[in-house]
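Worth knowing before you read on, the calculation uses all heavy atoms, side chains too, and leaves out hydrogens, waters and symmetry mates. From a predicted model like this one, the values you see are computed outputs, not experimental measurements.
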Amino acid sequence: MGLSPGMTLADARARCPELESLPHDEQTDTHTLERLTARMVRFTPMAALDPPHGVMLDITACAHLFGGEAELARQAMAEAGFTARHAFADHAAAARALARFGSGEGDVRALPIAALELPEDALSGLRRAGLTTLGDLAVRPMAALAARFGEGTVSRLRAVLGERDTPLTPQRPPVRLRAQVRFPEPIGRTEDVLDVIETLLTELSRQMEERRLGGRRFVVRLERTDGARRRLSVDTSVPSRDPARIVRLFRERIETLSDPLDPGFGFDAVVLGVTRADPLDPVQSDIAGKASAEAEGIAVLIDRLTTRFGEGGVLRLAARDTHRPEAAQRHLPALRAQPKPWNEPPSQPRPLFLLDPPQPITAMASVPDGPPHRLHWRGRTHRLVLAEGPERIAAEWWRKPDGHVPGEAGLTRDYYRVEDEEGARYWVFRHGLYDEAGNPRWYLHGLFA
């Protein structure tokens, strides 16, 4: 279709009107590249990031372990899970140039000068001088190139040609949060196991405090004398390094097991690790400490209930960034949902419970855009004596308009609080203005107590 990197979005859409564009999430790209580099450690301990979208591997004395260079590359690409290009060379700069600007093999001297990755003005100067490949540059005196095109050009060229060393800085995996203990005599009582876990948690707590981290998932592995292993894990809703709190969760986990914690002839080793951790810094509370104590109490309750009933058994309401009443909140697992500030309360009171979906009604108003004075719902007509409103909620312009389904954004809504002769109060809305829908429909969305 004639699309190419560097083209403006307007030009690209002119060529391809159905083109979809998404914002570039640079931070997520970086995290993905870091995780990918960490997975390459199974092939070589010398795995380094090559931003913005590459990984460099020093496979010296490693390739034969995987059946040769070609087989190692095939396994590495399969491990990555991405469509990728690779190249082999005697040094890192040449491999990078071959992978990014060549076919992955061949002589680096045949590569275009773009392989030097110089600024565009420097590349333009080289092209005007008739220099199109690295070989054209390599045959010329380096002093003359430096005097005319700058020291950076010569430095990049010498790196690609292998005349200047470009060492790798391997990505070192973080030291795992882990503690273990082995016993000269096996233990079998559950209380003894919990005491050992608490001791290991105390050691892990010191490690996490040094790194200013708090654990979110704790995993314990119990090793029996006959070689069998038992694995238990608990999660917390907020980062924590409180041994007593985590031990209570492990006690809850053991009590909810469908089969007992069978020690056999006893456990001779216990290993405890933190597989998920988040930053945890000291928090300054108010003088009374009530706010922090209340939040801590809720977090402890969520952790205990989730441990007993499972992640999907304890839900929490989370705010959504929308003005549509039926979509302003959603249920998420309480263990994962982090409390966020809710939107400012509406200027007019709303019912606590909404009808889902809003129920269609027949309503009559004295003036086209005014409140109703009579409504018909569930086979009964209600004469209204009081009305307050409207509370206008405009359509979400980025959603597809739909004038027939109230659950969609589509049209403007005018909400009214109305009361009938018997004192019953209702929350109704007109779905659409007359200049939007012509003959808008009415819906009942909630009942006041």
Side-chain angles (χ1 to χ4, degrees), residues 173-283 289 292-314 316 333-336:
V175 179
R176 292 187 297 174
L177 294 167
R178 190 170 180 269
Q180 65 177 351
V181 62
R182 295 190 175 275
F183 312 109
E185 295 291 336
I187 62 174
R189 295 175 61 247
T190 300
E191 291 300 324
D192 294 337
V193 171
L194 291 172
D195 289 341
V196 172
I197 291 176
E198 187 169 10
T199 301
L200 295 178
L201 282 169
T202 303
E203 180 180 343
L204 278 180
S205 178
R206 288 194 294 268
Q207 297 180 27
M208 290 187 289
E209 187 173 6
E210 292 175 356
R211 304 188 201 180
R212 304 175 72 176
L213 296 175
R216 292 289 304 276
R217 169 166 290 183
F218 298 82
V219 180
V220 64
R221 188 177 75 236
L222 307 174
E223 301 181 358
R224 293 196 329 193
T225 54
D226 59 359
R229 294 181 176 183
R230 191 65 184 269
R231 185 177 181 274
L232 300 173
S233 65
V234 296
D235 296 87
T236 61
S237 56
V238 295
S240 175
R241 48 177 180 253
D242 181 6
R245 174 179 173 181
I246 308 305
V247 167
R248 285 196 297 269
L249 295 181
F250 274 113
R251 186 183 297 276
E252 292 276 356
R253 175 67 72 206
I254 293 174
E255 291 176 355
T256 56
L257 292 175
S258 57
D259 55 334
L261 191 64
D262 182 14
F265 292 103
F267 300 110
D268 59 2
V270 178
V271 182
L272 180 65
V274 178
T275 59
R276 182 185 175 193
D278 290 340
L280 179 60
D281 294 319
V283 177
S292 58
E294 181 179 354
E296 180 71 15
I298 294 175
V300 170
L301 177 63
I302 289 174
D303 295 344
R304 295 190 62 183
L305 293 177
T306 301
T307 302
R308 181 169 292 273
F309 300 113
E311 185 173 319
V314 185
R316 187 174 197 161
L335 196 66
R336 305 298 176 201

Asker: For the pair R241 and L280, evaluate side-chain contact (heavy atoms from CB on, under 4.5 Å) and give the outcome as yes or no after the intermediate values.
Answerer: CA-CA 9 Å; R241 48 177 180 253; L280 179 60; 3.6 Å; yes

Asker: Out of curiosity, I246 CD1 to T202 OG1, how far, rounded to the nearest 0.5 Å?
Answerer: 11.5 Å

Asker: Counting C-beta onward and ignoring hydrogens, is there a side-chain heavy-atom pair between I187 and V193 closer than 4.5 Å?
Answerer: yes

Asker: Would you give the length of the straight line joining atom CG of D195 to atom CG of L200, rounded to the nearest 0.5 angstrom?
Answerer: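 So the CG of D195 and the CG of L200 are separated by 11.0 Å.
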
Asker: Tell me, do L177 and R211 make a side-chain contact under 4.5 Å, heavy atoms counted?
Answerer: yes

Asker: Are F250 and L272 packed together at the side-chain level, in the sense that at least one heavy-atom pair is separated by less than 4.5 angstrom?
Answerer: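 A side-chain contact exists here, since the closest heavy-atom pair is under 4.5 Å.
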
Asker: Pick out which of R217, R245, R216 makes a salt bridge (Lys or Arg N to Asp or Glu O under 4.0 Å) with D303.
Answerer: R245

Asker: Please identify each residue that fulfils side chain to side chain contact (heavy atoms under 4.5 Å, CB included) with F309, with sequence neighbours left out.
Answerer: L305

Asker: Go through the structure and list residues passing side-chain hydrogen bond (donor to acceptor under 3.5 Å, both in side chains) with E252, not counting sequence neighbours.
Answerer: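 Partners of E252 under the side-chain hydrogen bond (donor to acceptor under 3.5 Å, both in side chains) test: R304, R308.
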
Asker: Once side-chain hydrogen bond (donor to acceptor under 3.5 Å, both in side chains) is applied, do any residues pair with R229, and if so which ones, sequence neighbours excluded?
Answerer: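 So R229 forms no side-chain hydrogen bond (donor to acceptor under 3.5 Å, both in side chains) with any residue.
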
Asker: Any salt bridge linking R178 with E203? Criterion: basic side-chain nitrogen under 4.0 Å from a carboxylate oxygen.
Answerer: no

Asker: Nearest 0.5 Å please: distance from the CE atom of M208 over to the OG atom of S240.
Answerer: 7.0 Å

Asker: Given side chains that start at C-beta, do those of I298 and R316 come closer than 4.5 Å, heavy atoms only?
Answerer: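 Side-chain contact under 4.5 Å: yes.
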
Asker: Side-chain contact test, heavy atoms from C-beta onward, threshold under 4.5 Å: evaluate it for L232 versus L257 and give yes or no.
Answerer: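 Yes, close enough: below the 4.5 Å cut-off.
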
Asker: Regarding D262 and R230, does a basic nitrogen lie under 4.0 Å from an acidic carboxylate oxygen?
Answerer: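 R230 and D262: not salt-bridged.
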
